[in-house]
Each structure stands twice: as C-alpha cells, then as structure tokens.
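I have placed the structure first, in the form of structure tokens, so that the comments after it can refer back to it.
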Amino acid sequence: MMVRKLLPLALCAALLTALAACGGNSSGPVAHKTPEPQETLTEITLTAGETVLSGVLFDNETAKAFAELLPLDAPLWDPAPGYARAFDLPRRITDAPVRTRAYELGSLAYWDEGPSIAIIYNDNREETVVPVTAIGRLDGDVSIFFGYDQPVHIEEVKAEEAPPPARGGDTVLTALPDPRIRQTFYLWEEGNAPAVTEYTVNSGGYFDEPDFRPTITSFPVPEGTSVKGAVLVCAGGAFQFRSDENEGTPVAEALAKLGYQAFVVDYRLRPYTQQEGALDLARAVRFVRKNADLYGIDPEDIAVMGFSAGGILAGEMLLHWDGTVSPAALDSSYLPDGLDAVSADAAADGMIYSFYGRLSVGTTDVELLRSGELPPTFYCYGTEDPFYRQFLANASAAEEAGVTVHRLQLDGMPHGFGSRGDWLEEYDRFLTDVFSEK
C-alpha cells in the first residue's frame with residue numbers, strides 16, 4: 001500500500017524534472033508535433049463538476065482496453081502544473097509497442113508506468129514530458145482543468161436507436177413530417193447545399209467527413225401536453241464538434257416536455273465557415289415554418305437558441321441570413337427551391353453562454369446589432385465562465401441597439417453547463433411572454 005501511495009508523487013517528480021528539461025516555464029502556445037490521425041473507436045463524455053466535455057477514443061488496442069474500464073470515476077492529480085492533469089487506472093492495460101511525444105490540445109494519453117491517463121489542457125510544450133500512447137481526445141474547452149482538481153467521471157456514449165425513416169423523402173423539401181415521432185431529415189438536397197468551402201478530403205482531422213450532410217431532428221411534444229411553439233437548438237463545440245449529448249438532445253427533450261416542438265440542428269462545422277453553418281439553421285427555420293400546421297404551432301412562434309458556438313451561429317443567421325435572404329447570396333451556384341421563399345425570421349433568440357459576434361469575440365458594435373433588427377434575446381451565463389465579461393458587454397450593446405434583453409446570471413457556474421443550472425424554467429417564461437406579446 002505504501003508503494004502505491006507514493007507512486008503518484010514519484011511520477012510527479014519525474015514529470016516535473018522532464019518539464020524543466022524541455023522548457024517548462026513556457027506559458028503560451030508553442031509549435032509542437034501533433035499525433036497522426038486515427039480512426040474513432042467510440043464517443044465518450046467526461047464530467048468535471050458541472051461541465052460535461054465530449055470526446056472520442058481512438059481505434060487502437062490501448063483505447064479498446066481503456067473502454068472496457070468505463071464507466072470510471074477517478075480523482076485527478078497534478079503531474080505537470082499548467083500543462084496536464086492525470087487520473088490513475090485500477091490496473092494496467094494493453095500498451096502500444098511504440099509510444100510518442102506528439103500531442104494535441106485535449107489529448108488523452110496513457111502512461112503505463114502509472115498506470116495513468118493524462119489530460120493535456122495546454123499547448124505550451126514542444127512535446128509530452130514522457131513518451132505516451134495517444135488513446136483519444138476531448139473536444140470541449142479543456143482550459144477548465146487549469147483550476148479544476150476534483151474527481152472526474154468518464155463514460156461511453158451509447159448509440160441511440162435510429163429514428164424511423166422519413167415518409168415521402170429524407171430531406172426537408174420532400175419529407176412528410178409526423179409530429180408524433182422523432183424524425184431526422186437532411187436540410188439540403190444532395191449536391192445542392194450552398195457552400196464556398198471546397199471540402200473533399202479530411203486531411204485536417206475534422207469532426208465531420210466530407211460526405212456529411214447537415215440535418216434537423218425533431219423532438220415532439222408528448223401527447224396530452226399543450227403546444228406553445230417551436231424552438232430550434234444549436235449545440236456548441238467551438239465549430240470543431242457538436243456537443244449534442246450535453247447541449248442538444250437533453251435540452252430538446254426538456255423543451256418538448258415544457259410544450260415546445262423542439263428541433264436539434266446539426267449544422268456544418270470547420271472547415272466550413274460560420275456563414276455556411278448559419279444557412280443550415282435558416283433552412284431549418286424555413287422547414288419548421290412551412291410545416292407549422294402539422295406541428296400545431298403558430299408560424300410566428302418559432303425561436304432559435306444556441307450554446308457557445310451554437311449561439312454565435314444563431315446570431316450570425318439572425319444578423320445576416322434570416323427573412324427571405326437567398327442562400328445564393330453566398331453561393332451563386334446554388335439552385336433555389338420552393339423552401340427559400342419561406343421566411344427564416346425567428347421571434348426570439350436564446351444565447352446560452354454565448355453572444356452575437358464570432359468565435360471567442362462578442363461584438364459591441366451597436367450599429368451592427370441595430371441593423372440586424374434582432375428579436376428579444378435571452379442571455380444565460382455563469383459567473384465562472386471565462387467569457388463572462390464579454391456576455392455582459394454584448395448584452396449591454398444589444399440593449400443599446402434597441403433589442404429586448406433578458407439576462408439570467410448563474411452564480412458560480414462555468415462554461416458548458418448544458419441543461420443543468422435550473423435555467424430552463426425561466427427561459428420557458430421568457431418564451432411564453434414573447435410569443436404572447438407579438
């Protein structure tokens with residue numbers, strides 16, 4: 001027992017020594033080798049306090065062995081301050097014959113001598129401090145680990161049962177929606193999605209493959225519940241992934257129980273632009289409005305909302321691509337269809353730890369916000385969010401631009417709280433007021 005207790009301390013000392021040897025005082029990003037791209041084995045979530053991060057395990061023998069240990073609860077310790085946190089495994093697992101010192105931000109790295117898994121949350125090193133085996137990657141905001149030292153919970157994301165096939169067709173233009181069941185439709189006809197980005201080979205480790213097609217998935221109001229309106233949800237993920245398991249599905253399910261026909265929009269991510277993704281959301285709004293009678297809603301009672309990057313995407317749509325602005329304004333080769341004549345206006349916007357602007361930068365340009373003729377906007381954010389002051393400034397600029405603003409501050413909450421924090425009831429009251437006042 002004494003040997004086991006002393007092992008983390010010995011490892012910590014060894015890592016710190018290695019840090020000193022490779023420039024351990026660096027605090028900003030430095031050039032470093034990144035691992036070779038690997039196929040994905042499975043998706044995971046890592047819960048750290050109120051924050052849930054999504055990620056993947058790679059398709060290698062070490063990652064497979066780690067997956068067999070899940071779900072796992074483990075305390076964190078600090079092998080390399082300012083660079084990585086680690087947790088110990090209950091036993092050694094299969095290790096790769098050849099290790100690496102290459103890493104990427106969010107890397108999950110196995111060190112057999114622990115046996116431990118390191119979470120690399122800073123890119124201020126030229127290489128890892130000891131040779132490791134890359135088993136996966138966290139795709140969320142791993143900067144939370146700078147000040148987090150509590151236990152974490154890791155589990156595999158179980159694949160959901162596939163929704164029933166669409167009646168009439170599999171796109172929003174051709175399908176016959178059934179408001180009683182969950183359905184998924186492609187947003188664009190195959191080969192006719194407006195785009196200015198040419199993406200044919202995934203050479204950059206992007207989340208979606210080149211054949212990805214954006215979709216909308218419906219979450220119907222339960223039978224016996226009065227329908228209040230519709231809400232389209234865009235999960236966040238820094239435009240690098242979509243955190244649907246934290247900010248999409250659970251939020252849509254909760255909204256449906258409150259009486260909203262809810263929809264999760266799986267929009268395009270990098271390498272596509274913010275504008276291309278915003279057109280995906282506009283298309284989704286047009287689909288819902290066209291089918292308002294089928295969904296039992298007033299066509300004017302449609303709101304959009306987004307978390308983090310998803311909120312930025314919603315803001316982009318409302319500022320530049322709502323109404324009947326044609327996708328051809330971005331891509332002249334796009335062939336308009338009947339759905340483009342339907343308005344993409346929204347009656348309300350929900351900015352959940354998000355703002356109008358671009359990634360990591362909320363705008364305070366009052367004239368820009370005024371020109372967008374933005375709808376009433378619900379801001380919800382935590383005081384421990386690194387973008388807290390930007391949320392305040394963005395909301396104030398929106399108010400100065402004449403936008404009706406509702407603010408909900410959650411004391412002590414970080415970025416990425418998703419459906420937690422008891423904010424949905426107040427958001428429900430906000431939407432009820434907006435829909436009743438139009």
Side-chain angles (χ1 to χ4, degrees), residues 177 179-180 182 216-235 247-265 281 284-307 310-311 313-315 317-318 322 343-356 369 372-382 391 394-395 398-399 401-410 413 417-438:
R180 301 168 299 176
R182 188 180 300 189
I216 181 172
T217 299
S218 62
F219 292 77
V221 172
E223 186 176 354
T225 302
S226 298
V227 178
K228 301 175 181 177
V231 183
L232 288 82
V233 182
C234 296
E247 300 164 345
T249 297
V251 174
E253 290 174 338
L255 288 169
K257 292 177 181 177
L258 291 170
Y260 299 96
Q261 301 286 18
F263 303 85
V264 171
V265 179
L281 176 58
V285 173
R286 292 184 171 112
F287 162 74
V288 174
R289 176 162 285 119
K290 177 187 175 185
N291 294 286
D293 288 345
L294 275 173
Y295 286 115
I297 64 169
D298 184 319
E300 299 305 310
D301 291 346
I302 299 174
V304 296
M305 67 177 298
F307 296 76
L313 183 95
M317 190 275 285
L318 292 168
D322 59 352
S343 173
D345 285 345
D349 184 21
M351 288 289 188
I352 314 302
Y353 40 89
S354 191
F355 39 58
Y356 294 99
L369 296 171
E373 299 181 356
L374 298 170
T377 301
F378 179 91
Y379 285 86
C380 180
Y381 42 78
F391 301 144
N394 187 251
E399 283 182 317
V403 179
T404 299
V405 168
H406 184 102
R407 305 183 195 217
L408 176 59
Q409 178 172 296
L410 303 180
M413 289 293 276
F417 51 78
S419 60
R420 297 177 304 282
D422 298 325
W423 58 271
L424 276 162
E425 289 186 9
E426 188 160 339
Y427 183 56
D428 176 27
R429 290 191 291 270
F430 164 79
L431 290 177
T432 299
D433 290 344
V434 169
F435 290 166
S436 65
E437 292 175 1
K438 66 180 190 310

Derivation and outcome, side chain to side chain contact (heavy atoms under 4.5 Å, CB included), residues Thr225 and Lys257:
CA-CA 8 Å; Thr225 302; Lys257 292 177 181 177; over 6 Å; no

Please report the shortest heavy-atom distance between [X] and [Y], naming the atom on each side.
{"X": "Ser419", "Y": "Pro250", "result": "OG-CB, 4.0 Å"}
{"X": "Gly296", "Y": "Val227", "result": "O-CG1, 3.6 Å"}
{"X": "Ala401", "Y": "Leu369", "result": "CB-CB, 3.8 Å"}
{"X": "Pro179", "Y": "Pro177", "result": "CD-O, 3.9 Å"}
{"X": "Gly421", "Y": "Met413", "result": "CA-CE, 4.0 Å"}
{"X": "Val221", "Y": "Gln261", "result": "N-OE1, 3.0 Å"}

Under the side-chain hydrogen bond (donor to acceptor under 3.5 Å, both in side chains) rule, collect the residues that match up with Lys228, sequence neighbours excluded.
Asp428

Mind checking whether Phe263 and Tyr295 have ring centres under 6.0 Å apart?
yes

Hey, what do you get for [atom1] ([X]) to [atom2] ([Y]), rounding to the nearest 0.5 Å?
{"X": "Leu294", "Y": "Arg180", "atom1": "CG", "atom2": "CZ", "result": "10.5 Å"}
{"X": "Ile352", "Y": "Cys234", "atom1": "CD1", "atom2": "SG", "result": "12.0 Å"}
{"X": "Met351", "Y": "Leu318", "atom1": "CE", "atom2": "CG", "result": "7.0 Å"}
{"X": "Ser343", "Y": "Arg286", "atom1": "OG", "atom2": "CZ", "result": "7.0 Å"}
{"X": "Asn291", "Y": "Ser218", "atom1": "CG", "atom2": "OG", "result": "10.5 Å"}

Taking the side chain from Trp423 and the backbone from Gly418, do they hold a donor-acceptor pair closer than 3.5 Å?
yes

Return the set of residues passing side-chain contact (heavy atoms from CB on, under 4.5 Å) with [X] (not counting sequence neighbours), or none when no residue passes.
{"X": "Ala284", "result": "Leu187, Ile216, Leu232, Val265"}
{"X": "Ala348", "result": "Ala303, Phe430, Leu431, Val434"}
{"X": "Arg407", "result": "Tyr381, Leu392, Ala395, Ser396, Glu399, Val405"}

Are any of the side-chain heavy atoms of [X] and [Y] separated by less than 4.5 Å?
{"X": "Tyr427", "Y": "Val231", "answer": "yes"}
{"X": "Pro299", "Y": "Arg289", "answer": "yes"}
{"X": "Phe219", "Y": "Thr249", "answer": "yes"}
{"X": "Leu255", "Y": "Met305", "answer": "yes"}

Indicate every side-chain donor-acceptor pair of residues 372-379 with a distance under 3.5 Å to a residue at least two apart or in another chain.
unit_1 : atom_1 : unit_2 : atom_2 : d
Thr377 : OG1    : Tyr356 : OH     : 2.8
Thr377 : OG1    : Pro375 : O      : 3.0
Tyr379 : OH     : Asn394 : OD1    : 2.7

Salt bridge (charged side-chain N to carboxylate O under 4.0 Å, His left out) pairs touching residues 347-356, sequence neighbours excluded, are none

Once salt bridge (Lys or Arg N to Asp or Glu O under 4.0 Å) is applied, do any residues pair with Arg420, and if so which ones, sequence neighbours excluded?
Glu50

Between Val285 and Met317, is the side chain to side chain contact (heavy atoms under 4.5 Å, CB included) condition met? List the steps.
CA-CA 10 Å; Val285 173; Met317 190 275 285; 4.1 Å; yes

Ring pair (Phe, Tyr, Trp, His ring centres under 6.0 Å) with Tyr353: which residues, sequence neighbours excluded?
Phe307, His415, Phe417

